[in-house]
Amino acid sequence: MTRLLIFCLLIPIISCDNYTPKPKGYFRLDLPLKEYEIAELKCPFIFQYAKYAEIYERKEDCWFNINYKFCNAKLHMSYKKINNNLNKHIENTNDLAYKHTKVAEGITEQAYQNTAKNLYGIVYDFQGNTATAMQFYLTDSIKHFVRGALYFETEINDSIIPINNFLKDDIYHLIESWEWKN
């Protein structure tokens with residue numbers, strides 16, 4: 001009987017390997033290929049946007065959304081003519097961007113300037129769990145002002161950061177390709 005008891009006690013000790021916990025896994029992202037096309041809008045500007053996105057025009061003149069269905073995100077775009085009120089548009093954009101300071105871990109402002117295209121603006125890059133990941137405005141300082149804001153239909157967290165960065169690259173491409181028609 002004692003042999004049987006010793007045998008029963010030794011079996012679990014001898015037969016068990018060391019348990020190693022598996023690292024946390026991340027889902028695999030199959031992101032689309034970066035390809036761009038020119039936006040066909042009846043507006044005083046042209047730009048390139050990603051082929052995997054769709055443009056939906058809104059009721060206001062030259063206001064539209066660029067929808068990224070594969071990741072449930074939208075880039076909201078609004079256009080305004082300047083009538084000696086450029087500072088007002090810039091202040092409104094700043095106010096809208098800095099409303100997120102309550103929840104953002106940080107906001108980085110990056111000035112943008114392309115004198116050859118008569119294009120100036122600021123890009124706001126948000127860090128942390130904010131409703132928006134990126135905002136910007138572009139202007140020629142005389143006639144045109146456009147504002148963009150990227151929103152996800154979900155909370156920004158660690159698992160969405162690769163998609164966030166992927167879309168930010170698309171927005172930088174949109175900004176770089178932006179041109180005023182007149």
Side-chain angles (χ1 to χ4, degrees), residues 28-83 85-86 89-90 92-94 96-98 100 104 106-127 130-154 156 159-182:
R28 180 178 173 191
L29 296 173
D30 290 324
L31 298 172
L33 227 89
K34 295 266 185 202
E35 292 182 278
Y36 301 96
E37 61 185 305
I38 295 174
E40 301 289 336
L41 300 171
K42 294 175 184 167
C43 297
F45 49 80
I46 60 171
F47 62 92
Q48 293 180 7
Y49 70 103
K51 284 188 173 183
Y52 44 81
E54 295 176 350
I55 294 179
Y56 292 98
E57 294 186 60
R58 296 175 6 209
K59 291 178 183 177
E60 296 86 354
D61 195 27
C62 291
W63 287 39
F64 56 94
N65 291 338
I66 300 176
N67 291 349
Y68 300 92
K69 287 185 179 181
F70 76 93
C71 62
N72 211 13
K74 286 182 186 174
L75 179 61
H76 298 273
M77 301 288 295
S78 55
Y79 168 78
K80 296 184 181 204
K81 291 181 182 177
I82 297 175
N83 292 321
N85 57 355
L86 176 60
H89 294 313
I90 292 172
N92 287 343
T93 301
N94 255 345
L96 289 169
Y98 280 93
H100 298 277
I107 300 174
T108 306
E109 280 187 32
Q110 179 183 351
Y112 180 80
Q113 178 177 335
N114 185 332
T115 54
K117 292 182 176 181
N118 200 20
L119 192 61
Y120 311 94
I122 292 182
V123 177
Y124 303 91
D125 191 1
F126 298 85
Q127 292 82 40
T130 61
T132 183
M134 183 179 201
Q135 294 185 16
F136 65 93
Y137 74 82
L138 299 171
T139 183
D140 66 353
S141 301
I142 300 166
K143 295 182 197 174
H144 309 291
F145 186 89
V146 68
R147 180 180 178 279
L150 176 64
Y151 288 94
F152 284 91
E153 300 294 325
T154 183
I156 303 290
S159 63
I160 206 167
I161 287 175
I163 295 170
N164 189 12
N165 293 337
F166 182 82
L167 292 182
K168 284 180 181 181
D169 290 343
D170 285 349
I171 293 171
Y172 280 115
H173 183 89
L174 179 147
I175 292 169
E176 289 289 328
S177 69
W178 197 276
E179 291 182 36
W180 306 112
K181 287 183 182 175
N182 33 1

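On a predicted model such as this, the values are computed, not experimentally measured, just so you know.
Within 6.0 Å of NZ on Lys42 lie no more than 12 heavy atoms contributed by other residues, nucleotides or ligands. Applying the 6.0 Å contact sphere to CD1 of Ile55 captures more than 12 heavy atoms from other residues, nucleotides or ligands. The number of heavy-atom neighbours closer than 6.0 Å to CG of Asn72, taken from other residues, nucleotides and ligands shown, is above 12.
In this structure, Ser141 and Ile82 approach most closely via the heavy-atom pair C-CD1, 4.2 Å. The nearest pair of heavy atoms linking Met77 to Asn65 is N-OD1, 4.3 Å. Listed here is the closest heavy atom pair of His89 and Lys81: NE2-O, 3.7 Å. Here the shortest heavy-atom pairing between Asp169 and Tyr36 reads O-OH, 4.4 Å. Pairing each heavy atom of Gly148 with each of Leu75, the nearest pair is C-CD1, 4.2 Å.
Side-chain atoms of Lys117 come within 3.5 Å of backbone atoms of Glu176 as a donor-acceptor pair (strictly under, hydrogens ignored).
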After noting the C-alpha distance and the side-chain angles of Tyr137 and Lys80, does the key distance pass the side-chain contact (heavy atoms from CB on, under 4.5 Å) rule?
CA-CA 11 Å; Tyr137 74 82; Lys80 296 184 181 204; over 6 Å; no
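Between Phe45 and Phe64, the ring-plane angle classifies as tilted under the 30° and 60° cut-offs. Ring pair His144/Trp180 is parallel by interplanar angle, where below 30° counts as parallel and above 60° as perpendicular.
Residues Asp125 and Ile107 form no side-chain contact, since every pair of their non-hydrogen atoms from C-beta on lies 4.5 Å or further apart. Two residues are said to be in side-chain contact when any heavy atoms from C-beta on lie closer than 4.5 Å; Gln135 and Phe126 meet this criterion. Two residues are said to be in side-chain contact when any heavy atoms from C-beta on lie closer than 4.5 Å; Trp178 and Val146 meet this criterion.
Listed by chain and residue number, Asp170 satisfy the side-chain hydrogen bond (donor to acceptor under 3.5 Å, both in side chains) test with Lys34 (two or more places apart in sequence, or in another chain).
Rounding to the nearest 0.5 angstrom, the gap separating the CG atom in Leu150 from the CE atom in Met134 is 8.0 Å. Taking CD from Gln110 and OH from Tyr172, the interatomic distance works out to 4.5 Å, rounded to the nearest 0.5 Å.
The ring of Tyr52 has its center closer than 6.0 angstrom to the ring center of Phe166.
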